[in-house]
Amino acid sequence: MIDLRALRTDPDRLRASQRARGEDDAVVEKLLDLDERRRSALSAFESQRAEQKSVGKSVSRAQGDERQTLLDRAKELAQQVKEAEAEAQRLDQELQTLVATVPNVVEDGAPAGGEDDFVVLETVGTPRAFDFEPKDHLELGESLGAIDMERGAKVSGSRFFYLTGVGAQLQLALLNLAMDQAIQNGFTPMIPPVLVKPEAMEGTGFLGAHASEVYHLPQDELYLVGTSEVPLAGYHMNEILGDLPRRYVAWSSCFRREAGSYGKDTRGIIRVHQFDKVEMFSYCDPENAHEEHLRLLEWEKEMLAKVELPYRVIDVAGGDLGTSAARKYDCEAWVPTQNRYRELTSTSNCTDFQARRLSIRFRDEGARTRPVATLNGTLATTRWIVAILENHQQADGSVRVPQALQRFLGREVLEPVAK
RNA sequence: GGUGGAGUCGCCUAGUGGCCGAGGGCGCACGCCUCGAAAGCGUGUGAUGGGGCAACCUAUCCGUGGGUUCAAAUCCCACCUCCACCGCCA
């Protein structure tokens with residue numbers, strides 16, 4: 001949720017943001033108008049209510065005829081107050097509904113435009129030159145006995161899979177490495193619930209434009225999370241925090257319907273309905289949010305270096321940001337058989353957008369409460385297995401295990417197995 | 001799933017229709033006292049929206065949402081959460 005007071009003082013900022021996202025800036029006029037009407041309706045209600053209260057008090061003290069006169073007046077006022085309150089509530093509701101559709105204000109410096117208008121900030125490492133024909137991750141995964149798509153489909157349908165044998169071990173090792181790194185860096189480890197109430201889903205901004213991506217269990221009115229960002233943001237819902245920053249790292253399964261991605265990445269485990277992820281999450285003073293964002297990016301790069309992958313960092317354009325994000329950096333690893341970079345991590349600065357909706361505050365120097373900033377960033381996911389297998393494969397069909405992973409995996413090479 | 005009990009300011013608690021514009025205690029902050037501290041004494045002590053440059057004013061908030069009433073923490077209805085016990089399952 002955007003800040004209405006900030007909107008009143010600087011409406012041009014939201015207009016510019018809407019344009020950077022390629023969205024309608026006429027909403028700004030509507031918001032200002034509704035807000036104006038809401039405030040005057042509220043004032044009207046308040047003064048009538050104040051009078052009603054004082055007349056009500058005098059009823060209890062009055063006697064005889066005077067009491068009857070006051071009672072009549074009080075009844076009359078009660079009716080008026082009821083109407084005034086309803087009107088103020090109606091306008092407030094209307095405003096809230098409209099505000100809920102407005103995405104976060106884009107950070108200065110973020111590229112304008114859509115999906116293809118990202119800016120490459122940095123390229124780290126070089127794609128490897130193969131002296132043999134590289135296999136794709138699924139072919140490797142099958143010959144290593146690591147990935148079983150067919151049985152995944154048999155049991156659960158398309159875009160489901162089993163990680164088997166060394167595949168399961170590889171994921172455990174990868175996610176443990178990620179958890180370990182974050183804990184070393186001072187994060188508090190968490191294993192959160194993956195089913196959440198509507199407030200948590202709504203508050204993090206996932207029930208807006210992307211609601212069709214989310215699994216919903218209507219019998220219990222719960223949602224399956226697409227990322228642990230949701231339970232991590234919900235963790236401090238309706239709280240006033242003392243010390244900032246607070247950094248959490250969570251391991252969770254993630255669930256995505258992948259509606260509207262029919263035919264995209266249908267092979268292997270690049271785009272699936274269920275995967276595991278280690279996610280960093282930070283609550284901090286909005287003044288420090290940009291620096292914190294860069295820190296999260298550094299920690300992602302630290303992790304990518306450990307698995308020895310070539311990658312690039314992109315600054316995602318306004319139109320491709322999620323509802324809650326003001327700025328987003330993705331790290332994309334090189335995938336040899338696709339001859340292109342694919343997203344492995346994504347870190348978003350949500351400024352105070354989620355916190356305002358979830359009512360997560362802190363006390364600033366003036367001891368006033370203000371919404372905190374929330375930020376999130378990926379540290380490892382199931383998809384990383386794709387890049388690890390493909391980039392570290394060897395001519396004989398085996399896969400070299402990056403050194404940092406060896407300690408967690410207990411082996412240096414993954415060997416093909418007989419069927 | 002069933003039965004019973006409970007949810008009031010950071011914490012504990014008082015409060016069964018107008019004296020609640022929520023009292024007390026703890027904690028916290030400031031002050032007095034003290035060489036310094038403790039104890040003691042005094043003062044203050046929430047959130048959210050609106051108005052105002054400001055001090056301040058105002059409305060709302062007693063788990064949540066409705067309702068009754070001129071007037072609700074208090075009465076009524078529904079729901080949520082927690083605790084205890086029972087049943088079922090792991």
Side-chain angles (χ1 to χ4, degrees), chain A residues 1-11 31-100 102 191-203 207 216-223 231 234-244 246 283 286 352-372:
Chain A
M1 183 163 68
I2 58 159
D3 184 358
L4 282 174
R5 271 181 277 199
L7 173 71
R8 271 179 234 147
T9 41
D10 188 6
L31 284 170
L32 289 171
D33 173 59
L34 250 181
D35 182 48
E36 183 70 44
R37 280 156 54 207
R38 163 191 149 256
R39 282 182 296 152
S40 78
L42 185 60
S43 293
F45 157 67
E46 278 188 14
S47 55
Q48 287 180 39
R49 173 72 175 149
E51 192 187 349
Q52 186 202 12
K53 280 166 75 171
S54 84
V55 173
K57 284 264 188 274
S58 50
V59 168
S60 62
R61 287 189 295 265
Q63 298 290 329
D65 285 354
E66 194 196 353
R67 186 183 167 90
Q68 192 52 53
T69 312
L70 283 168
L71 207 54
D72 291 345
R73 173 71 184 140
K75 283 183 182 174
E76 194 182 314
L77 274 167
Q79 188 55 33
Q80 282 175 24
V81 165
K82 209 168 190 174
E83 282 162 22
E85 186 175 23
E87 177 66 2
Q89 275 180 359
R90 191 186 65 77
L91 286 167
D92 187 57
Q93 196 48 249
E94 201 178 322
L95 179 64
Q96 291 312 319
T97 305
L98 185 59
V99 168
V102 180
I191 294 180
V194 292
L195 283 168
V196 300
K197 296 190 203 176
E199 299 101 276
M201 215 56 174
E202 183 81 57
L207 291 186
H216 181 205
L217 284 75
Q219 276 198 322
D220 300 283
E221 199 44 29
L222 290 170
Y223 294 88
Y235 188 65
H236 285 305
M237 180 161 61
N238 299 323
E239 291 182 28
I240 297 172
L241 301 177
D243 301 334
L244 292 178
R246 295 209 188 192
Y283 295 87
D352 56 7
F353 186 87
Q354 292 178 327
R356 187 167 289 109
R357 245 194 249 192
L358 293 168
S359 185
I360 307 168
R361 295 144 293 163
F362 74 110
R363 288 183 200 285
D364 63 14
E365 303 83 43
R368 300 187 78 87
T369 58
R370 286 176 51 199
V372 300

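In what follows, chains are A, B, ... by sequence order, proteins preceding strands, each numbered from 1.
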Inset, instruction - Measure from the side chain of A:Arg363, starting at C-beta and using heavy atoms only, and say which of B:G51, B:G46, B:A59 lies closest. - result: B:G46

Legend entry - P-based separation of B:C79 from B:C86 [nearest Å]: 25 Å

Inset, instruction - Sticking with atom C1', work out how far B:A47 lies from B:U8, rounded to a whole angstrom. - result: 14 Å

Inset, instruction - Select base, sugar-phosphate, or nothing to describe what A:Ser47 touches, counting heavy atoms under 4.0 Å on all strands. - result: nothing

Legend entry - Nucleotide opposite B:A14 in a Watson-Crick or G-U pair, distances under 3.5 Å: none

Inset, instruction - Using atom CG of A:Leu42 as one end and atom C1' of B:C57 as the other, report the distance to the nearest whole Å. - result: 14 Å

Legend entry - Gap between atoms CD1 and P, on A:Ile240 and B:C28 respectively (whole Å): 19 Å

Legend entry - Base-pairing mate for B:A54 - Watson-Crick or G-U, with both contacts under 3.5 Å: none

Inset, instruction - Check the distance between B:G65's P and A:Gln89's CD and give it to me in whole angstrom. - result: 10 Å

Legend entry - Where A:Gly234 and A:Leu358 come nearest, the two heavy atoms and their spacing: N-CD1, 4.4 Å

Inset, instruction - Fit a plane to each ring of A:His236 and A:Tyr283, take the angle between them on a 0 to 90° scale, and name the class: parallel (under 30°), tilted (30 to 60°) or perpendicular (over 60°). - result: perpendicular

Legend entry - Nearest-nucleotide comparison on RNA chain B, the residue closer to the 5′ end among A:Lys197 and A:Thr369: A:Thr369

Inset, instruction - Decide yes or no for A:Arg49 and A:Glu85: does some side-chain heavy atom of the first lie under 4.5 Å from some side-chain heavy atom of the second? - result: no

Inset, instruction - Rounded to whole angstrom, note down the C1' distance from B:G10 over to B:G5. - result: 26 Å

Inset, instruction - Measure the distance from CG on A:Asp35 to P on B:G50 and round it to the nearest whole Å. - result: 7 Å

Inset, instruction - Mind checking the CG-OG1 spacing from A:Leu34 to A:Thr97? Nearest 0.5 Å is all I need. - result: 9.5 Å

Inset, instruction - Name the pairing partner of B:A22, where a pair is Watson-Crick or G-U wobble with both distances under 3.5 Å, or state none. - result: none

Legend entry - Short side-chain N/O contact from A:Arg370 to OP1 or OP2 of B:A47, under 4.0 Å: no

Inset, instruction - Could you tell me which nucleotide pairs with B:A78 by Watson-Crick or G-U wobble geometry, both distances under 3.5 Å, or answer none if nothing does? - result: B:U64

Inset, instruction - Round to the nearest Å and state the distance from A:Arg8 atom CZ to B:G51 atom C1'. - result: 11 Å

Inset, instruction - Return yes when atom CG of A:Asp243 has more than 12 non-hydrogen atoms of other residues, nucleotides or ligands closer than 6.0 Å, and no otherwise. - result: no

Legend entry - A:Arg38 vs B:G50: side-chain N/O to OP1/OP2 distance below 4.0 Å: yes

Legend entry - Rounded distance in Å between the P positions of B:G42 and B:C26: 11 Å

Inset, instruction - Would you mind telling me which residue lines up with the more 5' stretch of RNA chain B, A:Leu4 or A:Ala78, judged by nearest nucleotide? - result: A:Leu4

Inset, instruction - Using a cut-off of 6.0 Å, state whether more than 12 heavy atoms not belonging to A:Ile191 lie near its atom CD1. - result: no

Legend entry - Complementary nucleotide of B:A59, counting Watson-Crick and G-U pairs under 3.5 Å: B:U48

Inset, instruction - Using a 4.0 Å heavy-atom cut-off across all strands, classify A:Arg37 as base, sugar-phosphate, or nothing. - result: nothing

Inset, instruction - In whole angstrom, give me the gap between the C1' atoms of B:U43 and B:G36. - result: 23 Å

Inset, instruction - Grab the CZ-P distance between A:Phe362 and B:G10 for me, whole Å please. - result: 19 Å

Inset, instruction - State the pairing partner of B:A71; accept Watson-Crick or G-U wobble contacts with both distances under 3.5 Å, and report none otherwise. - result: none

Legend entry - Closest listed nucleotide, where the reference is the side chain of A:Lys82 and the choices are B:U68, B:U48, B:G51: B:U68

Legend entry - Mate of B:C41 where both pairing distances stay under 3.5 Å, Watson-Crick or G-U: B:G31

Legend entry - A:Glu83 and A:Gln79: CA distance, side-chain angles, deciding distance, side chain to side chain donor-acceptor pair (under 3.5 Å) verdict: CA-CA 6 Å; A:Glu83 282 162 22; A:Gln79 188 55 33; 3.2 Å; yes

Legend entry - Nearest heavy-atom neighbours spanning A:Asp352 and A:Pro371: CB-CB, 3.8 Å

Legend entry - B:U60 OP1/OP2 closer than 4.0 Å to side-chain N/O of A:Arg49: yes

Legend entry - Watson-Crick/G-U partner (both atom distances under 3.5 Å) of B:G87: none

Inset, instruction - For A:Asn238 and B:G10, give me the distance from atom CG to atom P, rounded to whole Å. - result: 13 Å

Inset, instruction - Could you tell me the separation between the CD atom of A:Gln79 and the P atom of B:A71, rounded to a whole number of Å? - result: 10 Å

Inset, instruction - Using the P atom on both, measure B:C82 against B:U45 and round to a whole Å. - result: 35 Å

Legend entry - Separation between the C1' atoms of B:G67 and B:G17, rounded to whole Å: 16 Å

Inset, instruction - Sticking with atom C1', work out how far B:U58 lies from B:U3, rounded to a whole angstrom. - result: 47 Å

Inset, instruction - Assign A:Arg5 to base, sugar-phosphate, or nothing according to its heavy-atom contacts below 4.0 angstrom with the strands shown. - result: sugar-phosphate

